[in-house]
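No hydrogens, no waters, no symmetry mates; every other heavy atom, side chains included, goes into these values.
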Amino acid sequence: QVQLVESGGGLVQAGGSLRLSCAASGRTFNSYSMAWFRQAPGKEREFVAGISWTSASTNYADSVKGRFTISGDRTKNTVYLQMNSLKPEDTAIYHCAAELGSRILATMRPGTYDYWGQGTRVTVSS
């Protein structure tokens, strides 16, 4: 059993920065992937960034590449999302997800993830 808790969301002006955190608690495994998804009003859930604890490799959605950075420490069971140069279209509820397994890259498919956090709201004003 794993619980995921996101934090760090809030209101920020366009061009600003936020740092989101996702902490996993409970029983965890050595091999798993963690990812950030977001869902904006009127849009479907969208993959943002992922990291594989197996390989330490990261991958990003094209819309955030170069602006967002995912990182973390598997010994702390925590992943971070540094969000820079924020745009109004980044406004969404951001969810942390975890998948047990030894993938080299985190999948972009939400249906493959085993655990989800409650989400943290990010609002970027224009």
- Message: Treating Thr78 as the side-chain partner and Asp73 as the backbone partner, does any N or O pair qualify as donor plus acceptor under 3.5 Å?
- Response: no
- Between Thr58 (side chain) and Ile70 (backbone), is there a donor-acceptor pair under 3.5 Å? no
- Query: Can you tell me if His95 uses its side chain to pair, donor with acceptor, with the backbone of Arg38 under 3.5 Å?
  - Reply: no
- Query: Does Leu100 share a hydrophobic cluster with Leu4, counting links as ILVMFWY side-chain heavy atoms below 4.5 Å and allowing steps through other members?
  - Reply: yes
- Under 4.5 Å between side-chain heavy atoms, hopping through other hydrophobics if needed: is there a path connecting Ile51 to Tyr113? no
- What distance do Met83 atom CE and Asp90 atom CG have between them, rounded to the nearest 0.5 Å? 5.5 Å
- Run the numbers on Arg19 and Ser71 for side-chain contact (heavy atoms from CB on, under 4.5 Å), then give the verdict. CA-CA 11 Å; Arg19 184 177 177 86; Ser71 63; 4.3 Å; yes
- Starting at NZ of Lys87, measure out to OG of Ser63 and round the result to the nearest 0.5 Å. 8.5 Å
- Message: Under a 3.5 Å distance rule, please check whether Thr120 uses its side chain to pair with a backbone N or O of Gly9 as donor and acceptor.
- Response: yes
- In Å and rounded to the nearest 0.5 Å, what is the NZ to CD distance from Lys43 to Glu89? 8.0 Å
- Item | Glu6 versus Tyr94, closest heavy-atom pair with distance | OE2-O, 4.0 Å
- Item | Stepwise side-chain contact (heavy atoms from CB on, under 4.5 Å) test for Ile104 and Ser52 | CA-CA 6 Å; Ile104 297 175; Ser52 168; 5.5 Å; no
- Query: Is Thr91 reaching over with its side chain to a backbone N or O of Thr123, donor-acceptor style, under 3.5 angstrom?
  - Reply: no
- Message: As an exercise, state the distance from CE of Met108 to CD of Glu46, rounded to the nearest 0.5 Å.
- Response: 8.0 Å
- Where do Thr112 and Glu99 come nearest, in terms of heavy atoms and distance? O-CG, 3.3 Å
- With the 4.5 Å side-chain cut-off for hydrophobic clustering, are Trp36 and Val2 part of the same group? yes
- Query: Quick one: does NZ or CZ of Arg109 land under 6.0 Å from the six-membered ring centre of Phe47, within 45 degrees of the ring axis?
  - Reply: no
- Task: Answer with yes or no whether the hydrophobic clustering places Leu20 together with Leu86; edges join I, L, V, M, F, W, Y residues whose side-chain heavy atoms lie under 4.5 Å apart.
- Result: yes
- Task: Of all the heavy-atom pairs spanning Ala49 and Tyr60, show the shortest one and how long it is.
- Result: CB-CD2, 3.6 Å
- Message: So which atom in Ala106 and which in Met34 form the shortest heavy-atom distance, rounded to 0.1 Å?
- Response: CB-O, 4.1 Å
- Is the CG atom of Leu11 crowded by more than 12 outside heavy atoms at less than 6.0 Å? yes
- Side-chain donor-acceptor contact under 3.5 Å, Asn84 with Ser17: yes
- Query: Do you reckon Val12 sits in the same ILVMFWY cluster as Tyr80, going by side-chain contacts under 4.5 Å, direct or chained?
  - Reply: no
- Message: I'd like to know whether the aromatic ring centres of Phe37 and Trp116 sit less than 6.0 Å apart in this structure.
- Response: yes
- So, does Arg67 use its side chain to make a donor-acceptor pair with the main chain of Ser85 at under 3.5 Å? yes
- Query: How far apart are the C-alpha atoms of Thr54 and Tyr32, what are their side-chain angles, what is the distance that settles it, and do they pass the side-chain contact (heavy atoms from CB on, under 4.5 Å) test?
  - Reply: CA-CA 7 Å; Thr54 299; Tyr32 61 101; over 6 Å; no
